[in-house]
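Please read the structure below before turning to the comments.
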Amino acid sequence: MRLRTAIAALAALAAAPLSFAQAKPQQRTPYVFHADVGEVLVHATVLDRKKRAVENLPESDFSIFEDGVAQHINYFSQEDAPVSVGILVDNSGSMRDDRPEVNKAALNFVKAGNRQDEVFVVNFNDEYYLDAEFTNDIAKLQNGLEQIESRGGTALYDAVIASLDYMNQNAKNDKRVLLVITDGWDDASRYHLEETARMVQGENAPLIYCVGLVDKDDPRAMRKGEQRALNTLSDATGGEAFFPKNLQQVDEITRQLAHDIRTQYSFSYHSNQSGNGYRTIRVEVKDRKLSHLTVQARQGYYHGPKGSGTVK
């Protein structure tokens, strides 16, 4: 049976978190990023001048800085480790004709990943639905993607926050990714961009990759403001936003993205900084012979009570 567990009833609870779970008589504890774990995880993609992923660099080529202070790397790897993935697809009215190609690209993204990945599917319009729970069953994911009722507006930010909460409670893997595919602006969310960007910057938050579909002939086509929003979410987490010129490019992007995720570098360190609040992160390739390379990683995270994922 299809999972259609929208949480419209929770919208009236300003202090409650967004979730796919149905409302219960008792109020749930607000979702808070667990910042006291002490270990900071960073996943990074290294790119050459042609934006191609660079593999097989040794740990000695990297340096990590938090608030400008060098950190000791406790763990380093470039293994093809399993990933917990959420695929969020715009199901608003303007996406009706695009969904077959988008669904194909989303499935090819999964097929190009690690076979041990776990994936869930969320379709969103002015509400959002968990149409496939965590699984690696392609048939179940395909069925989830095919739950198309293209109508209404776009509650992108709320869908991201609810997906973050679901991932935090259910993900088995330390490495986590959200893939967002949309063609328009958010006009239905309870939360705003700035609040959402803050909430996705926890110490073990997922990388967010966005695909913004641009159609110059569509009056609802993505404008500069919407492109900025997708760039903001992706840049904040160490992901990337893509704006293909046509639907055919979406499949190319998702396949390449799956490859790049599988070849990322992973680091962990225990911060030597004190105090709560936002902490910047910078990952550098320190070999001067490799100065032409760029590192794509998250820019920072919130630590402590002020780094809570709950918007006050």
Side-chain angles (χ1 to χ4, degrees), residues 32-49 51 53-79 81 160 164 168 174-178 192-210 228-241 260-261 263-312:
V32 177
F33 290 124
H34 299 289
D36 295 328
V37 174
E39 188 169 51
V40 182
L41 299 175
V42 180
H43 305 290
T45 300
V46 180
L47 303 172
D48 62 17
R49 291 192 181 96
K51 294 292 185 178
V54 178
E55 304 177 37
N56 303 317
L57 296 176
E59 178 182 346
S60 58
D61 280 345
F62 292 94
S63 295
I64 297 182
F65 299 86
E66 186 176 288
D67 286 344
V69 179
Q71 304 294 308
H72 174 72
I73 298 174
N74 296 322
Y75 172 82
F76 169 84
S77 174
Q78 198 193 13
E79 297 178 359
V160 168
L164 183 68
N168 181 71
D174 290 331
K175 191 171 183 180
R176 302 171 183 183
V177 167
L178 292 182
H192 301 294
L193 173 61
E194 293 73 17
E195 296 169 320
T196 307
R198 174 166 178 158
M199 293 179 77
V200 300
Q201 289 181 296
E203 288 178 79
N204 192 22
L207 298 153
I208 297 181
Y209 295 92
C210 301
R228 182 185 71 84
L230 298 186
N231 279 319
T232 296
L233 293 176
S234 58
D235 289 347
T237 63
E240 188 172 359
D260 291 350
I261 291 172
T263 59
Q264 284 175 331
Y265 299 89
S266 297
F267 310 84
S268 73
Y269 67 90
H270 286 85
S271 173
N272 57 21
Q273 301 300 290
S274 60
N276 297 322
Y278 185 75
R279 298 177 177 179
T280 63
I281 294 176
R282 187 174 80 255
V283 182
E284 293 183 353
V285 176
K286 58 188 177 182
D287 189 333
R288 293 183 178 179
K289 296 179 181 179
L290 302 176
S291 59
H292 63 287
L293 302 180
T294 59
V295 181
Q296 182 179 297
R298 61 177 172 153
Q299 301 172 352
Y301 68 99
Y302 284 95
H303 174 80
K306 292 184 180 180
S308 167
T310 301
V311 177
K312 302 299 184 183

Practice prompt. Report yes if the side chains of Ile261 and Lys175 come closer than 4.5 Å at any heavy-atom pair, otherwise no.
Written response: yes
Discussion item. Let me confirm one number: the OH-CZ distance from Tyr278 to Arg198, rounded to the nearest 0.5 Å.
Written reply: 11.0 Å
Discussion item. Check the orientation of Phe267 and Phe62. Use parallel for under 30°, tilted for 30 to 60°, and perpendicular for over 60°.
Written reply: perpendicular
Worksheet, complete the sentence: Smallest heavy-atom separation, Asn168 atom then Arg176 atom, equals CA-NH1, 4.1 Å
Fill in: Point-to-point distance, once rounded to the nearest 0.5 Å, from CG of Leu47 to CG of Asp260
7.0 Å
Discussion item. Please tell me whether Gln264 and Thr45 have a donor and an acceptor in their side chains that are separated by less than 3.5 angstrom.
Written reply: yes
Worksheet item: Should we count CD of Glu79 as having more than 12 external heavy atoms under 6.0 Å?
Response: no
Practice prompt. Flag the pair Val177 / His43 as yes when at least one side-chain heavy-atom distance between them is below 4.5 Å, and no otherwise.
Written response: no
Worksheet item: Ala241 and Ser234: which non-hydrogen atoms are nearest, and at how many Å?
Response: N-OG, 3.4 Å
Would you give me the side-chain donor-acceptor pairs under 3.5 Å for residues 63-73, sequence neighbours excluded?
unit_1	atom_1	unit_2	atom_2	d
Glu66	OE1	Tyr269	OH	2.6
Glu66	OE1	Tyr301	OH	2.8
Glu66	OE2	Ser271	OG	2.4
Glu66	OE2	Arg279	NH1	3.4
Glu66	OE2	Tyr301	OH	3.3
Asp67	OD1	Thr280	N	2.9
Asp67	OD1	Thr280	OG1	3.2
Gln71	OE1	Asn272	N	3.1
Gln71	NE2	Val69	O	3.0
Gln71	NE2	Asn272	OD1	2.7

Worksheet item: Got a second to check how far Phe76's CZ is from Asn74's CG, nearest 0.5 Å?
Response: 13.5 Å
Item to complete: Decide yes or no on side-chain contact (heavy atoms from CB on, under 4.5 Å) for Leu293 and Asp48, but give the supporting numbers first.
Response: CA-CA 5 Å; Leu293 302 180; Asp48 62 17; 4.0 Å; yes
Discussion item. Would the distance check show the side chain of Gln78 and the main-chain N or O of Asn56 forming a donor-acceptor pair, the cut-off being under 3.5 Å?
Written reply: yes
Worksheet item: Between Lys286 and Ser60, what is the shortest heavy-atom contact and its length?
Response: CE-O, 2.6 Å
Fill in: 4.5 Å side-chain heavy-atom contact, Thr237 and Pro206
no
Fill in: Pairs satisfying salt bridge (Lys or Arg N to Asp or Glu O under 4.0 Å), at least one member in residues 295-304, at least two apart
none
Fill in: Leu193 side chain near Leu233 side chain, heavy-atom distance below 4.5 Å
yes
Discussion item. Can you confirm whether Val54 sits close enough to Val285 that some side-chain heavy atom of one is under 4.5 Å from a side-chain heavy atom of the other?
Written reply: no
Fill in: Step-by-step side-chain contact (heavy atoms from CB on, under 4.5 Å) determination, Leu57 to Leu290
CA-CA 10 Å; Leu57 296 176; Leu290 302 176; 3.9 Å; yes
